[in-house]
Amino acid sequence: MLESGKPFENDTPLGFLEQVARVATSRRVFLSWAGATIAVSAIGCSSKSKNPASPGSSGVNFGTGDTAVLNYAYALEQLEAAFYTQVIATPYTGITTGELSLLTDIRDHEVIHRNFLKTALGASAIAALSVNFASVNFSSRASVLGAARTFEDLGVSAYNGAGQLITSDTYLTLAGKIVSVEARHAAAIRDLLSPGTAAFAGNDVVAVSTGLDVQRSPSQVLVLASTYVTTSINRGDLP
């Protein structure tokens, strides 16, 4: 089980599936996702960027500009990947074959997202964060799926809120691709909790008047995520 204060990126071996996910973050696949001809080493290295792990800083620093947004997304994907890795490593009591299959697929998606963003950021990527999932009872279906709903809803609102901060069309397209997957995850988890209802797109996440999903600023998201992330974070120039 993951322990508080430990870097969670490599805490639990993922075996063959993580090896596949790591292959999926190769330079060739990254360029395919991005639809660009630039090298990975150039990603996030614009004149507005700075090394997020500057000497003497406390915790991690997201940096500035698009680098900060990508590091912000990378931090969230680290959190989600760690959570689902733990869920699959210690399945809750009474988990069905279908639920295990679904949660494994979500785990694999989050690992790919995490590794992809790390590859994209290159030397500008923040270090592995530290986690504390003490508030989650991993043997309880209700606790695990309740936490999963929180993570997925938070992730969707985070990408929705960060889109306006991205200056690169390439990065904005990538964020749109990732948030669409996160929204599928959120709907699937919500359906597990309330099958056959409208909860998959409930009024708490989709505004009745606009039909649009909730969005949150980085500062709002990081406050909510701080329940599970113990690493000190400087969000750089993000609002």
In this structure, CD of Q78 is separated from CG of N115 (nearest 0.5 Å) by 9.5 Å

query: Are Y159 and L154 grouped together when hydrophobic residues (ILVMFWY) are joined by side-chain heavy atoms under 4.5 angstrom apart?
result: yes

When every non-hydrogen atom of Y92 is compared with those of E99, the smallest separation belongs to OH-OE1, 2.8 Å

Check your understanding: Does N71 reach the main-chain N or O of S124 with its side chain, forming a donor-acceptor pair under 3.5 Å?
Key -> yes

Rounding to 0.5 Å, atoms CG (L100) and CG (D105) come to a distance of 9.5 Å

Correct closest heavy-atom pair for K118 and A125 would be O-CB, 4.2 Å

Check: T230 main-chain N/O paired with N132 side-chain donor or acceptor under 3.5 Å: no

State, yes or no, whether a side-chain contact exists between E182 and H113 at a heavy-atom distance under 4.5 Å. yes

field: side-chain contact (heavy atoms from CB on, under 4.5 Å) evaluation trace for T104 with V87
entry: CA-CA 9 Å; T104 299; V87 170; over 6 Å; no

Rounding to 0.5 Å, atoms CD (E77) and CD1 (I112) come to a distance of 11.0 Å

- Message: A side-chain contact here means heavy atoms from C-beta on lying under 4.5 Å apart; do R235 and Y72 qualify?
- Response: no

Nearest heavy-atom contact between A68 and G63 is CB-O, 3.4 Å

Shortest non-hydrogen pair, G163 vs L172, comes out as O-CD1, 3.5 Å

Find out if a path of hydrophobic residues (ILVMFWY) with successive side-chain heavy-atom gaps under 4.5 Å connects L145 to F151.
-> yes

Cluster link V156 to I166, ILVMFWY, side chain under 4.5 Å:
yes

Let me see the working for Y74 and L121 under side-chain contact (heavy atoms from CB on, under 4.5 Å), right down to the final yes or no. CA-CA 9 Å; Y74 176 44; L121 283 157; 4.0 Å; yes

Note: A81 and R114 closest approach over all heavy atoms is CB-NH1, 3.9 Å

Residues passing the side chain to side chain contact (heavy atoms under 4.5 Å, CB included) test with T227, sequence neighbours excluded, are S135

Problem set entry | Pairwise side-chain contact, V131 with Q86, heavy-atom cut-off 4.5 Å (strictly under) | no

Fill in: Steps toward side-chain contact (heavy atoms from CB on, under 4.5 Å) verdict (N61, I126)
CA-CA 7 Å; N61 189 319; I126 59 173; over 6 Å; no

Legend entry - Donor-acceptor contact present, side-chain R149 to main-chain R190, <3.5 Å: no

Does L224 belong to the same Ile/Leu/Val/Met/Phe/Trp/Tyr cluster as V214, with side-chain heavy atoms less than 4.5 Å apart forming each link? no

Same cluster or not: are L117 and V181 linked, directly or through other Ile, Leu, Val, Met, Phe, Trp or Tyr residues, by side-chain heavy atoms under 4.5 angstrom apart?
-> no

> Can you tell me if S139 uses its side chain to pair, donor with acceptor, with the backbone of T93 under 3.5 Å?
Replying inline: no

| field | Donor-acceptor under 3.5 Å (S140 side chain, N137 main chain) | value | no

(Q) Donor-acceptor pair, distance only, cut-off 3.5 Å: does the side chain of S101 make one with the backbone of G98? (A) no

Closest non-hydrogen contact found for Q164 with G161 is NE2-O, 3.3 Å

Do D66 side-chain atoms and T167 backbone N/O form a donor-acceptor pair below 3.5 Å? yes

Within the 4.5 Å heavy-atom criterion, are L129 and L79 side-chain neighbours or not? no

Rounding to 0.5 Å, atoms OG (S168) and CG (L174) come to a distance of 8.0 Å

For A186, does its backbone N or O pair with a side-chain atom of D153 as donor and acceptor, under 3.5 Å? no

Is there a donor in the side chain of E80 and an acceptor in the side chain of H185, or the other way round, less than 3.5 Å apart?
no

*Are R141 and L192 side-chain neighbours, meaning at least one heavy-atom pair lies under 4.5 Å?*
yes

Taking the side chain as everything from C-beta on, heavy atoms only, tell me whether E152 gets closer than 4.5 Å to I106.
yes

Aromatic centroids of F83 and Y228 separated by under 6.0 Å: no

**Prompt:** Any side-chain heavy atom of L103 sitting closer than 4.5 Å to one from I95?
**Reply:** yes

### Message
Do F62 and L238 have side chains that approach each other closer than 4.5 Å (heavy atoms only, starting at C-beta)?
### Response
yes

